[in-house]
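Here the structure comes first, spelled out in structure tokens, and everything after it is commentary.
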Amino acid sequence: MNFVKRAGMSLGARKSKTAALLAIFVVLCTLLLGGFLLQAAAARQEADAQRVIGVDVTVRQKGLTPALADELGASDVVNRYNPRLPVRAAARGLAPLTSDAPQPGSEAGEPDQAPLAVNGVRDAGLLLPFSYGSTKITAGRGIGPEDADRDIALIERRLADRNHLAVGDIVRVLSADGAHPMPLKVVGIFQDPTQDPSSWTPPHELPGNTLYVPMATAQQLGTGTGTVGEAVYRIGSPDRAERLHAEAERVLGESGFDFRVNDKAYQDQVRPIQQVGVFAGLIVQVIALAGALILGLIVTLQIRERRTELGVLLAMGERKWKLIGQHAVEVAAVALPAVAVAALAGQLAGQSAGDALLGPQDDTPSAQLGAPDPGAVAAPTVRVEPGTVGRVAGIGLGISLVSTVVPGVGILRLHPRSILTDSE
């Protein structure tokens with residue numbers, strides 16, 4: 001009789017033991033599939049974290065111009081960047097804040113002709129106070145790269161309250177020399193937690209007199225080409241900082257610039273995700289090893305229980321390798337439906353398990369700045385893909401092969417006469 005057909009008859013005759021073997025394989029394959037799904041989900045969430053959180057590199061240099069900052073921002077390792085161009089501006093029809101403390105000196109000085117501190121930005125979401133969450137948008141939105149050609153402004157709450165301004169209103173400012181009047185539409189109001197100084201302070205140094213505008217607007221309000229105070233570049237991971245530094249040396253020169261890497265937020269949120277991925281990989285390895293050992297022990301016990309059956313088959317002239325093949329087919333025939341059951345279980349419970357272990361990483365401050373950065377890494381979608389099921393099936397069949405071939409070596413030492421004599 002064909003050993004494959006004989007394996008099927010044996011499974012049908014030993015229903016209870018077949019069911020127990022099937023249960024073991026279902027648990028084994030479910031755990032294997034869970035490990036692979038968790039690995040894939042962790043990899044996707046890590047990629048999202050690199051895009052959303054990233055690593056901020058702050059570059060400062062005396063004489064850094066917007067053109068140089070843009071050239072460095074065009075590097076392929078940079079995901080987002082924001083140069084900050086500080087200028088002074090005068091107010092027209094807008095009452096700036098003034099210090100409550102008396103001005104030192106016997107006589108008050110001349111009124112400040114440029115009381116507003118205007119900062120030209122490309123992507124307000126990368127400003128350090130906003131990205132750290134100390135300064136927050138309370139109304140409207142921030143300024144993004146899509147606002148490069150718009151005359152808009154992001155103003156501080158105290159200045160808005162004093163002038164009864166809301167989102168959508170128009171404020172009018174002048175360049176410091178009074179030659180360039182410019183109406184700006186208020187698109188957002190932010191709140192700076194910095195308190196007003198207790199001593200007299202020039203108006204442009206008061207936190208309430210700070211405005212953020214697009215870079216082109218700041219260049220029109222300023223005089224000359226303007227110098228960027230600092231530029232922040234967001235890259236995907238800390239290992240890309242060296243490539244950005246080499247690019248900065250090419251663009252800015254090999255010396256004379258300050259290059260600082262801040263990867264704290266990245267490490268705080270990406271490190272746990274990476275640890276989950278490593279843990280999932282260890283789960284797969286341990287389960288594969290433990291499964292092979294457990295099934296190998298079960299098959300060994302089955303071979304001992306079926307010594308008489310093996311002896312009869314050997315006495316009838318059956319080849320020993322076919323007896324080993326019969327056991328391998330029996331175990332493999334149980335493994336395949338177990339993979340299908342595990343795939344169904346993964347489809348039903350995989351997402352909830354992924355949410356529990358890789359929930360939304362919402363510790364990153366969010367300011368809704370109108371940029372494509374949501375401020376949090378969402379929980380990844382757990383998908384049971386055919387390739388993953390194929391890997392589980394391959395490992396399951398490999399375990400079934402190892403767990404039958406290794407114990408089956410004992411069959412090669414069997415002699416039908418001794419087996420039948422012992423059974424009598």
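Numbers here simply count residues along the sequence, with the first being 1.
Between G208 and L97 the shortest heavy-atom distance is CA-CD1, 3.4 Å. Across all non-hydrogen atoms, the minimal contact from G63 to T227 is N-CG2, 3.8 Å. Smallest separation of non-hydrogen atoms from G35 and A280: O-CB, 3.5 Å. Heavy-atom minimum distance, L31 versus I283: O-CG2, 4.3 Å. Nearest approach of L85 to V228, heavy atoms of both residues: CD1-N, 4.0 Å. Of all heavy-atom pairs spanning I273 and A42, the tightest one is CG2-O, 3.4 Å.
Between T135 atom OG1 and R157 atom CZ the span is 11.5 Å, to the nearest 0.5 Å. In this structure, CG on L94 lies 12.0 Å from CD1 on I170, to the nearest 0.5 angstrom. Separating the CD atom in Q39 from the CZ atom in R391 is a distance of 6.5 Å, to the nearest 0.5 Å. Taking CZ of R234 as the reference point, atom CZ of R80 lies at 5.0 Å (rounded to 0.5 Å). In this structure, the separation between CE on M215 and OG1 on T217 is 10.5 Å, given to the nearest 0.5 Å. Taking OG1 from T65 and CG from L252, the interatomic distance works out to 8.5 Å, rounded to the nearest 0.5 Å.
Note on ring orientation: taking the six-membered ring where Trp is involved, the planes of H245 and F257 are tilted (angle from 30° to 60°).
E156 places a side-chain N or O within donor-acceptor distance of the main-chain N or O of D192, the cut-off being under 3.5 Å. In this structure, D169 contributes its side chain and A166 its backbone to a donor-acceptor pair below 3.5 Å. Not a single donor-acceptor pair under 3.5 Å links the side chain of D263 to the backbone N or O of V55. Y233 places a side-chain N or O within 3.5 Å of a backbone atom of A69 that can act as its donor or acceptor partner. Formation of a donor-acceptor pair under 3.5 Å by the N262 side chain with backbone atoms of D56 is not found in this model. Not one N or O on the side chain of D151 forms a donor-acceptor pair closer than 3.5 Å with the backbone of L184. Using a distance-only test at 3.5 Å, with no hydrogens or angles considered, no donor-acceptor pair links the side chain of T58 to the main chain of R260. Judged by distance alone, with hydrogens and angles left aside, the side-chain atoms of T210 form a donor-acceptor pair with the main-chain N or O of P207 at under 3.5 Å. Under the 3.5 Å distance criterion, the side-chain polar atoms of T201 are matched with a main-chain donor or acceptor of S199. In this structure, the side chain of N119 does not engage the main chain of R84 through any donor-acceptor pair within 3.5 Å.
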Just list the side-chain donor-acceptor pairs under 3.5 Å for residues 16-26, sequence neighbours left out, or say none.
{"residue": "K17", "atom": "NZ", "partner": "E305", "partner atom": "OE1", "Å": "2.5"}
{"residue": "T18", "atom": "OG1", "partner": "L11", "partner atom": "O", "Å": "3.0"}
{"residue": "T18", "atom": "OG1", "partner": "R14", "partner atom": "O", "Å": "2.7"}

Ignoring hydrogens and angles, write down the donor-acceptor pairs under 3.5 Å from the side chains of residues 235-244, residues two or more places apart or on other chains.
{"residue": "S237", "atom": "OG", "partner": "D239", "partner atom": "OD1", "Å": "2.3"}

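In this structure, L206 and P197 have side chains that are in contact, with non-hydrogen atoms separated by less than 4.5 Å. A heavy-atom distance below 4.5 Å is found between the side chains of V171 and V186. Inter-residue side-chain proximity for T388 and L33 is flagged as met; some heavy-atom pair is nearer than 4.5 Å. R122 is listed as a side-chain neighbour of P83, based on a closest heavy-atom distance under 4.5 Å. For the pair Y81 and V57, the minimum side-chain heavy-atom distance is 4.5 Å or more.
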Task: CA sep, side-chain torsions, deciding dist, call: V78, L72, side-chain contact (heavy atoms from CB on, under 4.5 Å) - done: CA-CA 8 Å; V78 175; L72 184 57; 5.8 Å; no
Open item on the list: Assess the residue pair D147 and R141 against the criterion (side-chain contact (heavy atoms from CB on, under 4.5 Å)); give the C-alpha distance rounded to whole Å, side-chain angles, the decisive distance to 0.1 Å, and a yes or no.
Closed with: CA-CA 11 Å; D147 297 316; R141 62 176 182 85; 2.8 Å; yes
Open item on the list: What verdict does the side-chain contact (heavy atoms from CB on, under 4.5 Å) test give for V121 and F130, after you've listed the backbone C-alpha separation in whole Å, the side-chain angles of each residue and the deciding distance to 0.1 Å?
Closed with: CA-CA 13 Å; V121 296; F130 289 101; over 6 Å; no
TODO: Would you please test H204 and N209 for side-chain contact (heavy atoms from CB on, under 4.5 Å) and show each step?
DONE: CA-CA 6 Å; H204 66 275; N209 284 334; over 6 Å; no
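Between D196 and R158, at least one side-chain N (NZ, or NE/NH1/NH2) sits under 4.0 Å from a carboxylate O, which counts as a salt bridge.
For D100, the CG atom counts as loosely surrounded, since its 6.0 Å shell holds 12 or fewer non-hydrogen atoms of other residues, nucleotides or ligands.
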